[in-house]
Amino acid sequence: MNIFAEIRTSVIETLDAMVADGALPAGLSWGNVTVEPPRDPGHGDMATNAAMVLAKPAGQLPRAIAEALAERLQNDSRIDSAEVAGPGFLNLKLAPVVWHDIVAEAVDAGKSFGHSGMGAGVKVNVEFVSANPTGPLHVGHTRGAVFGDALASLLDFAGYDVTREYYINDGGAQVDVLARSVYLRYLEAHGKEVAFEDGTYPGDYLIPVGAALKDKVGDAYLEQDEDVWLAEVRAFATEAMMDLIRSDLSAIGVRMDAFFSEKSLYNTGRIEAAIDELKKKGLIYTGTLEPPKGKVPEDWEPREQVLFRSTAHGDDVDRPIMKSDGSWTYFAPDIAYHWDKIERGFDELINIFGADHGGYVKRMNAAVSALSDGRVPLDIKLTQLVKLFKDGQPFKMSKRAGTFVTLGDLVEQVGADVTRFVMLTRKNDAPLDFDFDKVSEQSKDNPVFYVQYAHARVRSVMRKAEAMHLDWSDDAKLEDPAEFAVARKIAEWPRLVEIAARTHEPHRVAFYLYELASEFHSLWNKGNDLPHLRFLQDGDPKATAAKIALPRAVGVVISNGLSILGVTPVEEMR
RNA sequence: GGCCCCGUAGCUCAGAGGAUAGAGCAACCGCCUCCUAAGCGGUAGGUCAUAGGUUCGACUCCUAUCGGGGCCGCCA
């Protein structure tokens with residue numbers, strides 16, 4: 001239950017009643033009425049802006065509305081007091097029983113505490129990673145992988161029907177390059193001297209692929225022209241790279257529901273079908289584009305092309321979908337792929353792109369808008385660069401020198417849990433500093449540790465409580481302000497889930513968990529000075545049972561939050 | 001030149017149109033015979049890049065300007 005939503009419902013019902021008996025005019029909209037936690041805890045437990053929002057349309061003074069509303073809200077037993085403050089805020093103080101109930105609910109609901117019905121019946125497709133199948137995943141891909149996976153988990157937690165999907169770019173020129181590179185390794189495996197020219201992938205990770213190819217076909221491709229082996233080697237190499245990528249994803253705890261092959265769109269009529277769909281809408285034409293303003297390429301010449309009228313759906317210029325030799329541009333299969341998603345019945349689409357693909361956002365949005373007649377929203381989230389540091393010093397990656405940091409390196413050096421949490425402590429569109437040393441540090445500087453430590457403390461208390469053989473109860477006897485502060489934070493969890501899910505921002509979960517951990521550590525330390533605030537009451541199972549519900553609830557929420565982020569909660573610190 | 005993202009404390013960053021803009025680090029002052037002090041409390045620190053606009057109310061929305069990054073016709 002989202003207590004904020006419930007109190008809002010009560011406020012709305014009260015407003016309806018005021019309309020019914022003439023205290024407010026009819027025809028007002030409640031759309032802008034909010035009930036939120038106030039920034040300043042001194043302002044009570046929650047505040048509503050109803051009076052200020054309604055003052056103008058109702059033609060009444062905000063404070064007058066607020067006072068009338070306050071009086072009527074006294075009928076709600078959950079509301080202890082309602083006070084008008086500032087320009088017309090109504091500050092609500094809730095009865096202690098509300099917080100008791102929420103703690104009890106968290107304890108009872110366990111893993112499902114915070115689940116929301118907001119996504120019920122909505123099919124959403126989250127496409128992420130989608131790295132070219134030409135090598136192992138690196139740091140940038142890792143951020144996209146972690147972000148996309150956490151977002152998918154978050155939406156799942158909020159009740160959506162989620163599909164995690166990977167688009168394999170196996171239809172373009174880069175897989176030919178891959179095939180040629182593997183062929184060189186194949187020759188090498190046969191003891192030949194080879195040279196890796198520009199336009200081939202020199203990475204060591206292709207050595208075993210070349211060797212495997214030799215095992216499979218023996219010397220069949222030696223001294224053969226490309227047209228003999230290219231298609232076969234391409235398929236073989238792509239499959240090998242996808243195995244590599246699947247294993248990388250698995251190492252970081254990501255499991256896709258679907259892999260969609262770009263190649264499957266070619267020569268099957270599917271691209272044509274999607275383009276036909278656009279043709280029907282009159283959005284395909286043959287024309288000539290203006291040169292890009294300002295920075296004109298040296299070899300620019302006007303050229304007649306088949307274009308998609310993406311400007312009709314918010315893009316800045318129309319986009320070519322066919323090259324002058326009659327083959328498709330990369331954009332054409334992208335259109336077909338998204339047409340396929342729409343036809344599969346998804347209600348919402350989310351794509352995770354690296355920031356360097358920011359230029360494609362508008363045209364993809366235009367394509368989806370056109371193909372779905374504006375029915376299916378597409379939200380493209382861009383993940384910014386990851387800057388690597390070692391001991392506070394920037395750590396340069398170079399693809400040429402082979403010193404680029406892979407997902408495997410990250411997992412090996414700091415572990416999957418730390419990698420995931422750290423990558424989610426920044427907004428997706430903000431650059432991320434990743435310091436190899438700092439992220440493994442065991443101190444409050446390190447949010448991963450801080451949150452894990454709170455969970456470990458909970459578990460420690462639980463283990464000791466179990467030894468006391470007490471009668472477990474979900475009834476939390478809250479007395480101290482510090483205890484109520486923790487309970488209030490717990491009450492925010494269901495609301496936080498909905499906000500994070502609506503905004504597609506899983507980092508909010510990470511920040512929330514940090515705040516909850518902070519409240520919990522604070523209460524814990526109060527127990528040092530004030531023995532009656534300790535969760536374990538020495539030799540008194542009854543008193544302990546009454547204290548233990550709160551830390552249990554904290555454990556539930558941290559554990560639920562971490563599971564959304566894909567991080568394993570720890571039992572103890574080592 | 002155009003488009004997108006960003007600009008908040010010395011540093012790293014949060015902030016569904018709400019009240020006196022928050023947290024961590026760094027600085028300073030305190031707290032362990034007591035459930036893990038790997039922690040907690042306190043002090044100090046601000047022209048929310050700038051200028052206009054919309055609004056009862058703007059860090060948040062709109063416009064312009066400045067600064068940083070990214071992208072920009074048959075490469076994906």
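Chain naming here is simple, since letters A, B, ... match the order of the sequence lines and numbering starts at 1 in each. The shown structure was predicted, so the numbers you read here are calculated from the model rather than taken from an experiment.
Judged by ring centres under 5.5 Å apart and planes tilted less than 30 degrees, His43(A) stacks against the six-membered base ring of A19(B). Once the 5.5 Å centre distance and the 30° plane angle are applied, the aromatic ring of Phe89(A) is found stacked with the base of A19(B).
Contacts of Ser324(A) with the nucleic acid, taken as non-hydrogen atoms under 4.0 Å apart, include base atoms. Note on His507(A): only backbone sugar-phosphate atoms sit closer than 4.0 angstrom, heavy atoms only; bases stay farther off. Nucleic acid contact for Val53(A): base, since at least one base atom lies under 4.0 Å from a heavy atom of the residue. Among the heavy atoms of the strands lying under 4.0 Å from Tyr450(A) are primed sugar atoms or P, OP1, OP2 only; no base atom is included. Within 4.0 Å (heavy atoms only), Phe449(A) reaches at least one base atom of the nucleic acid. No engagement by Pro551(A) is indicated, since no non-hydrogen atom pair under 4.0 Å with the nucleic acid exists. Contacts of Pro320(A) with the nucleic acid, taken as non-hydrogen atoms under 4.0 Å apart, involve only primed sugar atoms and P, OP1 or OP2. Here Ala55(A) lies out of heavy-atom contact (under 4.0 Å) with every strand. In this structure, Asp538(A) reaches neither bases nor backbone, as no heavy-atom distance under 4.0 Å exists between it and the strands shown. Using a 4.0 Å heavy-atom cutoff across all strands shown, Ala465(A) reaches no nucleic acid atom at all.
Searching all strands for a Watson-Crick or G-U wobble partner of A27(B) with both distances below 3.5 Å returns U43(B). Shown here, U50(B) forms a base pair with A64(B); the pair counts as Watson-Crick or G-U wobble because both key distances fall under 3.5 Å. Nucleotide U33(B) forms no Watson-Crick or G-U wobble pair with any nucleotide shown, as no partner meets the under 3.5 Å limit on both distances.
Contact annotation: Arg319(A) does not reach the phosphate of C72(B) (side-chain N/O to OP1 or OP2, under 4.0 Å).
In the interface, the side chain of Asn446(A) is not paired with the base of A38(B) through any donor and acceptor atom under 3.5 Å apart. No donor-acceptor contact under 3.5 Å links the side chain of Arg508(A) to the base of A14(B).
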In the 5'-to-3' direction, what one-character label does each nucleotide of nucleotides 21-36 of chain B receive under the scheme B = base within less than 4.0 Å of a protein heavy atom, S = sugar-phosphate only, - = no such atom? --SSS--------BBB
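A gap of 31 Å separates the P atoms of C40(B) and G17(B), to the nearest Å.
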